[in-house]
2 protein chains.
Amino acid sequence: MSSDRTRSAILAAAERLYADRGFGDVTLRDIVAEANVNLAAVNYHFGSKDELIAELFVTRSLATNRERLNELKLAEEQGGGRAPIDAILHALVSPTLRGCLGPDREGSTAARFMIRASIESVPPIRRIKNREVDHLRKFIAAMRRSLPGRDDAELYWGLHFALAMSHHTIREKERLTKLSEGQCDLNDVDAIVDRVVSVSVMALTAGEAPAKKAPARSAIPQGRLTRQDL
Amino acid sequence: MSSDRTRSAILAAAERLYADRGFGDVTLRDIVAEANVNLAAVNYHFGSKDELIAELFVTRSLATNRERLNELKLAEEQGGGRAPIDAILHALVSPTLRGCLGPDREGSTAARFMIRASIESVPPIRRIKNREVDHLRKFIAAMRRSLPGRDDAELYWGLHFALAMSHHTIREKERLTKLSEGQCDLNDVDAIVDRVVSVSVMALTAGEAPAKKAPARSAIPQGRLTRQDL
DNA sequence: GATAGTTTCATACAACTGTTTGAATTGCAA
DNA sequence: TTGCAATTCAAACAGTTGTATGAAACTATC
């Protein structure tokens, strides 16, 4: 049907414009001009501007989640239902990093859109992100199987830091390049994934002897001098 | 002068409203109503809405940077010009985390404003953040003194990850609480600072022998240009 | 080929936005 | 007091925004 053509033309134009110029700078009139459709078509096909944005974001983040779970499932199968912790973290961060970083991905509209969504965070997107909890719980469950005996809180912190590093790298990749004057290679995605994973693994297994014992926190020598607040 | 009263009433009202409802939802009319001043006063005293936001953000972030540098200076003095790496990272992340987390800070308008600025990121704030590079270079310089022989790229990555973990913790503190069902205590700021610092130290010193020895790693003679700035 | 349902279109709407204007008011100095 | 500048004020401005409307054009079914 010609209705589908209009619908997808709007989606494509919106994603491209939002990716390039951000949510704050793009109006429905910009989108319909880019898509060569009538202004009313947006409300006809999507109901409202927010629902259009939501559909864009849901589509992309469902794809990412699917990738993550595929990789997790594969790792758990290979480990007999118990994947090594680095494989779990790899499954968590690799799809996002791979999707948003790298030299060729510069031209990927979808990737640039997701970066923009990570930087700007408008209400419809925030609402969706808040429902992501269930998805993350699956990774917590896998981590629990992989590191039995660990405090749950430790697992949450490890997952939290893994996401922190990968999201912050995506969001600030330009600033890190500028700060490091190009010495941090943001195009070598594999190296970045490895780096994020290995730091996350260290965070999760710090102070833990190879044997399983109770969690003894803070493996770092407390050599700091002034501990009092400012 | 009564002009100062108007000016600061606007600043206070704007910070409170932005902190509570976000930049997207607050108009100049909301602000002047809250401040009990005339609408035109904003443009009279600040020139434009963006300049008002910029002034709010600059004030708060200058204060944070000052705190950071004070703590860094203290640590370097105590170490004879060479602070231990964990003290440097502590100086970097502690002021921000301490300012934005913790039980009592719930009521701090300034802290809530900075969290909001981290989540929403409007153009005037982004412009200011991009000038933060010089400030971060001072920490890179301190890290270079603390870990001589380390590749610069490693230092940049370490600093980047430290900021990633602290910013992401601030920005996502509600989601982490919800995900962990309260098992991650976001009120124990000291523990969080320690955690972020210790993971950052691990990231920076991984694969490096604990003993203090000359940089036996780099086979390449250090022909790299040494930083001159700062 | 008439009909019913879907999709497109031009246009209007209603509300809200940041900013400007020019006259009133205030505060202070001479 | 007078005069002058700084400040406040109500009002309007000029533009943009997302959304709604009702007629027109299309499409597929009978």
Side-chain angles (χ1 to χ4, degrees), chain A residues 1-58 113 116-117 120-128, chain B residues 1-58 113 116-117 120-128:
Chain A
M1 318 312 164
S2 132
S3 81
D4 268 4
R5 174 143 71 221
T6 303
R7 235 188 97 90
S8 41
I10 292 172
L11 285 169
E15 185 167 46
R16 185 165 49 239
L17 287 178
Y18 284 144
D20 286 341
R21 292 161 39 192
F23 297 102
D25 275 355
V26 175
T27 71
L28 289 188
R29 283 169 177 82
D30 295 332
I31 293 170
V32 298
E34 181 88 356
N36 279 311
V37 302
N38 188 267
L39 174 60
V42 174
N43 288 277
Y44 177 78
H45 285 283
F46 298 94
S48 72
K49 179 198 182 188
D50 276 12
E51 288 174 87
L52 165 63
I53 294 177
E55 174 152 344
L56 280 172
F57 185 73
V58 160
F113 173 82
R116 185 66 72 170
E120 278 195 37
S121 172
V122 286
I125 290 183
R126 243 171 297 163
R127 257 173 266 140
I128 293 163
Chain B
M1 319 306 171
S2 131
S3 82
D4 267 5
R5 176 143 70 222
T6 303
R7 235 188 96 89
S8 41
I10 292 173
L11 284 170
E15 185 167 45
R16 184 165 51 240
L17 288 177
Y18 284 144
D20 286 342
R21 292 162 38 193
F23 296 101
D25 275 354
V26 175
T27 70
L28 289 188
R29 283 169 176 83
D30 295 331
I31 293 171
V32 298
E34 181 87 356
N36 279 311
V37 301
N38 188 270
L39 173 60
V42 175
N43 290 278
Y44 178 79
H45 285 283
F46 298 93
S48 71
K49 180 198 182 187
D50 277 11
E51 288 174 87
L52 166 63
I53 294 177
E55 174 152 344
L56 280 171
F57 185 72
V58 160
F113 173 80
R116 186 64 74 170
E120 278 194 37
S121 172
V122 287
I125 290 183
R126 245 171 296 164
R127 257 172 265 142
I128 294 161

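Here the straight-line distance linking atom CD1 of Ile10(A) with atom NE2 of His45(A) works out to 5.5 Å at 0.5 Å rounding. Rounding to the nearest 0.5 angstrom, the gap separating the CD atom in Glu15(A) from the CG atom in Asp20(A) is 10.5 Å. Atom OG1 of Thr6(A) is separated from atom OH of Tyr44(A) by 10.0 Å, given to the nearest 0.5 angstrom.
In this structure the side chain of Ile31(A) reaches within 4.5 angstrom of the side chain of Tyr18(A), judged on heavy atoms. The side-chain heavy atoms of Leu56(B) and Leu11(B), taken from C-beta on, include a pair separated by under 4.5 Å.
To the nearest angstrom, C1' of dT17(C) lies 13 Å from CD1 of Ile31(B). Between the CZ atom of Arg5(B) and the C1' atom of dA6(D) there is a distance of 15 Å, given to the nearest Å. Here the P atom of nucleotide dT7(D) and the CZ atom of Phe46(B) are 12 Å apart, to the nearest Å. Computed from coordinates, the Ile10(B) CD1 to dG18(C) P distance equals 13 Å when rounded to whole Å.
Sorted by first and then second residue, the pairs that involve residues 32-58 of chain A and meet salt bridge (charged side-chain N to carboxylate O under 4.0 Å, His left out), not counting sequence neighbours, are Arg7(A)-Glu55(A), Arg16(A)-Glu34(A), Asp50(A)-Arg127(A).
Under 4.0 angstrom from either OP1 or OP2 of dT7(C) there lies no side-chain N or O belonging to Thr6(A). For dT8(D), one of the phosphate oxygens OP1 or OP2 lies less than 4.0 angstrom from a side-chain nitrogen or oxygen of His45(B).
Ring geometry, Phe113(B) versus Phe23(B): the interplanar angle exceeds 60°, so the pair is classed perpendicular (tilted spans 30 to 60°).
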Whether each nucleotide of nucleotides 12-26 of chain D has a protein heavy atom under 4.0 Å at its base (B), only at its sugar-phosphate (S) or at neither (-) is summarised, 5' to 3', as B----BBBBB-----
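Within the helix from dG1(C)-dC30(D) to dA30(C)-dT1(D), the inter-axis angle between the opening and closing five-pair segments is 0°, rounded to 10°.
The backbone N or O of Thr27(A) sits less than 3.5 Å from a side-chain atom of Asp30(A), completing a donor-acceptor pair.
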